[in-house]
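The next block holds one structure in the form of structure tokens; read it before the comments.
Here, residue 1 is the first one in the sequence, and each next residue gets the next number.
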Amino acid sequence: MKKSVFYTMALIWGACVSCSPRVDVLVIGGGASGTAAAVQAAKMGANTMVTEEFTWLGGMLTSAGVSAVDGNYRIRSGIYDSFVDSLSAHYGSEGALCTGWVSNVLFEPHVGDEIFKKMAAHYDNLDIRYETVFVGARKNAKGWTVTLKNADGSYEVRTKVLIDATELGDVAKTCGVPYEIGMDSRYDTGEDIAPEKENDVIQDLTMCMTLKDYGPNADRSIERPADYDSTLYLNSCINPLNHDIYFENGTPIRADVKLALHPVETMLTYGKLPVTGPDAKYMINWPAEGNDVYVNVIEAAPERRKEALDSCKNISLGFLYFIQHELGYKNLGLADDEYPTEDLLPMIPYHRESRRIDGMVRFTVDAAARPYEYKEPLYRTGIGSGNYPVDHHHFRNADWPSLPDLHFYPIPSYNLPMGVVLPKEVQDLIVAEKSVSVTNLVNGTTRLQPMTLQIGQASGALAALAVKNGGLDKVKVRQLQDVLLEEGVYIMPYQDLDNRNPKFGAEQRIGATGILRGLGRPHGWANETWFRVNDPLKADEIFFEELYPQVKVAASAEGGQVTVSDAYEMLAQAGAKVPDAKGVWSQMGLDNYCPDRVITRLEFAVMLDHLLDPFHAKEVDYHGHFVE
């Protein structure tokens, strides 16, 4: 629901402005987005500082224990790609990461933290302030003065660009950014599957656990947690205590949510982790009557948040007690070599939702599902791509039967528009992580780890460009996309070409103009969009109208297919100068020159990119419209 926040911030400023440290980019939050933002900004030369409340980097991937990456296996982008490469090197191979059936990329949380710290250590211009919390911010004529607090007290930092990479969007609220919490009304977003009326319901959160097998004769039993209730966990898996189930073709089905029950072993190996030692480890992040909890602490004060999260810990410990005492796995206990915490639990819970800002554009599930038919061509402004379905967790909410059924709602792979990280009404601020300008529905896919890493990387690049250009409003969409393409980021969600392919850039740039368009389709957990690089080009698949209205689309081959000769003729009409067609063909890295044969879609994209460069012919605004 709408929470417009325009109020005077009463803060105690402990030091004079002239004594305040000065940085180009200040990132609040060392989570997935924050770490990626800080690394990218520093890589581009910006004097960067990142603050982190605890002693780890990586957020949900590490500090929250969600060490199983969801999606983007075929479209690994930028820093996420580098992260997976580092994991593969650590564990011996990429195949070694596929140890649990929920993911193709699993790892021990402490290993993820080590990798992110190594990434950050490459840059002398990156200052990491651990065990530091955000207190407040004051807007300057250019930039911000931010109050931070650590064990030694409060101090101020001045920055040109501020990035909110907190788990719940706390900085955005303090800075006066309007935002939403909960489910949107279909009448506000245009999404048919949204509820009729808005509400304040958010997704369940989880206090994950990393369990270790201490050996068949070990007994790692914990004390019975306060208020333990075994009925909360009865249908977490197939066991003698199951209730409220029916059988469908021999499979036990949970009647309340109509989901199949898994065997105990399947529930445990869902998040089986690769280990560098002899003891097996398991990530416990189990939504089906496991350790999901419904509690909304987004607007709560710090003290109230701590109380609520303590109750979440009790739910997880109750699930552990159930696993040990009801299911008979007393050899499994909390790993004693993962988290630097007294209770051996992660430092933070897995927050699936936060505040969602009112940005320059708002990304909806319809924009993701039908990018070329959507009211605005947002696809032209992509800063990262995702392929996970819309996945919402609501089973622990007492009112879940009345909520929309959003369990893996199908969409094709999609790209996220640049305008979602930019607040409408507040200057010199970028908002990342899960607080970007998306609807509640589409947050069910943009919240996943590969997307938050890409959001962070784009935010860091945007901040560094803003410092160079003299303001966020001076950074053009294509300028940011150029940087991201250099970093191997998929600005279009095509999975035909790996980002190491020499023709990857041409495919991505031409796709982002809309002259040639991809084909999207939902496909289980790995939704797809294909550029169809090897398909023959057809005349009705070419959209020159907005950029080159003078071009008459030609197709001389059977079935409206375009030949190599046709392609050269169209490019000549658009203004390309080609004195030696065969020679240029070779220069573009293309093979099998023959004027009369049908050209492929990729060959035409390479021609367009090389001879016309339509990607840079006109700038696009935040909504994807061409501007002079």
Counting distance only, does the side-chain N/O of [X] pair as donor-acceptor with the main-chain N or O of [Y] below 3.5 Å?
X    : Y    : result
N242 : L234 : yes
T439 : T364 : no
W530 : G520 : no
E376 : H623 : no
N291 : M207 : yes
D391 : T445 : no
Q449 : L61  : no
T35  : A32  : no
S33  : A432 : no
E198 : M183 : no

Legend entry - Geometric class of the F116/F83 ring pair [parallel <30°, tilted 30-60°, perpendicular >60°]: parallel
Could you check whether [X] pairs with [Y] (Lys NZ or Arg NE/NH1/NH2 to Asp/Glu carboxylate O, under 4.0 Å)?
X    : Y    : value
E94  : R76  : yes
R74  : D496 : no
D170 : R305 : yes
K618 : E546 : no
E289 : R396 : no
D310 : K306 : yes
E507 : R601 : no

Is there side-chain contact between [X] and [Y], with at least one heavy-atom pair below 4.5 Å?
X    : Y    : answer
L273 : Y282 : no
D192 : R186 : no
I383 : V489 : no
F626 : E619 : no
L472 : I430 : yes
Y388 : N72  : no
R362 : V420 : no
E528 : Y494 : no

If you measure from [atom1] on [X] to [atom2] on [Y], what distance do you get to the nearest 0.5 Å?
X    : Y    : atom1 : atom2 : value
L268 : H262 : CG    : NE2   : 12.0 Å
L345 : S316 : CG    : OG    : 7.0 Å
T210 : N285 : OG1   : CG    : 10.0 Å
I455 : S435 : CD1   : OG    : 9.5 Å

Inset, instruction - Take V293 and D204, measure what side chain to side chain contact (heavy atoms under 4.5 Å, CB included) needs, and give me the verdict at the end. - result: CA-CA 5 Å; V293 185; D204 299 347; 5.9 Å; no
Nearest heavy atoms of [X] and [Y], plus distance in Å:
X    : Y    : answer
H351 : V297 : CE1-CG2, 4.1 Å
V361 : S437 : O-OG, 2.8 Å
A463 : I163 : CB-CD1, 3.9 Å
T251 : A260 : CG2-CB, 3.9 Å
A308 : V295 : CB-CG2, 3.7 Å
V69  : P450 : CG1-CG, 3.5 Å

Legend entry - side chain to side chain contact (heavy atoms under 4.5 Å, CB included) assessment of R254 paired with D244: CA-CA 7 Å; R254 294 176 57 192; D244 192 24; over 6 Å; no
Inset, instruction - Any chance you could lay out the salt bridge (Lys or Arg N to Asp or Glu O under 4.0 Å) test for D482 and R478, step after step, and finish with the verdict? - result: CA-CA 6 Å; D482 279 334; R478 294 303 193 218; over 6 Å; no
Inset, instruction - Using the six-membered ring of Y179, assess whether NZ or CZ of R356 lies under 6.0 Å from its centre and within 45 degrees of the ring axis. - result: no
Regarding [X] and [Y], do their side chains bring together a donor and an acceptor under 3.5 Å, going by distance alone?
X    : Y    : answer
T189 : D184 : no
N397 : Q203 : no
T166 : D164 : yes

Legend entry - Q508/N499 under side chain to side chain donor-acceptor pair (under 3.5 Å): CA gap, chis, key distance, verdict: CA-CA 10 Å; Q508 292 281 304; N499 57 7; over 6 Å; no
Inset, instruction - Report the C-alpha separation of L378 and Y622 in whole Å, then their side-chain angles, then the decisive distance to 0.1 Å, and conclude whether the side chain to side chain contact (heavy atoms under 4.5 Å, CB included) test is met. - result: CA-CA 7 Å; L378 298 177; Y622 295 136; over 6 Å; no
Inset, instruction - Determine, stepwise, if the pair Y490 / F504 fulfils side chain to side chain contact (heavy atoms under 4.5 Å, CB included). - result: CA-CA 9 Å; Y490 287 72; F504 171 78; 3.5 Å; yes
Inset, instruction - Begin from the C-alpha positions of F395 and Y294 and carry the test ring-ring contact (aromatic ring centres under 6.0 Å, His included) through to its verdict. - result: CA-CA 8 Å; F395 294 148; Y294 180 69; over 10 Å; no
Inset, instruction - For residues F319 and W286, establish whether the separation of their ring centroids is below 6.0 Å. - result: no
Legend entry - From R352, K434, R447, residue fulfilling salt bridge (Lys or Arg N to Asp or Glu O under 4.0 Å) relative to E167: K434
Inset, instruction - Look at atom CD of Q427 and say whether more than 12 heavy atoms of other residues, nucleotides or ligands are closer to it than 6.0 Å. - result: no
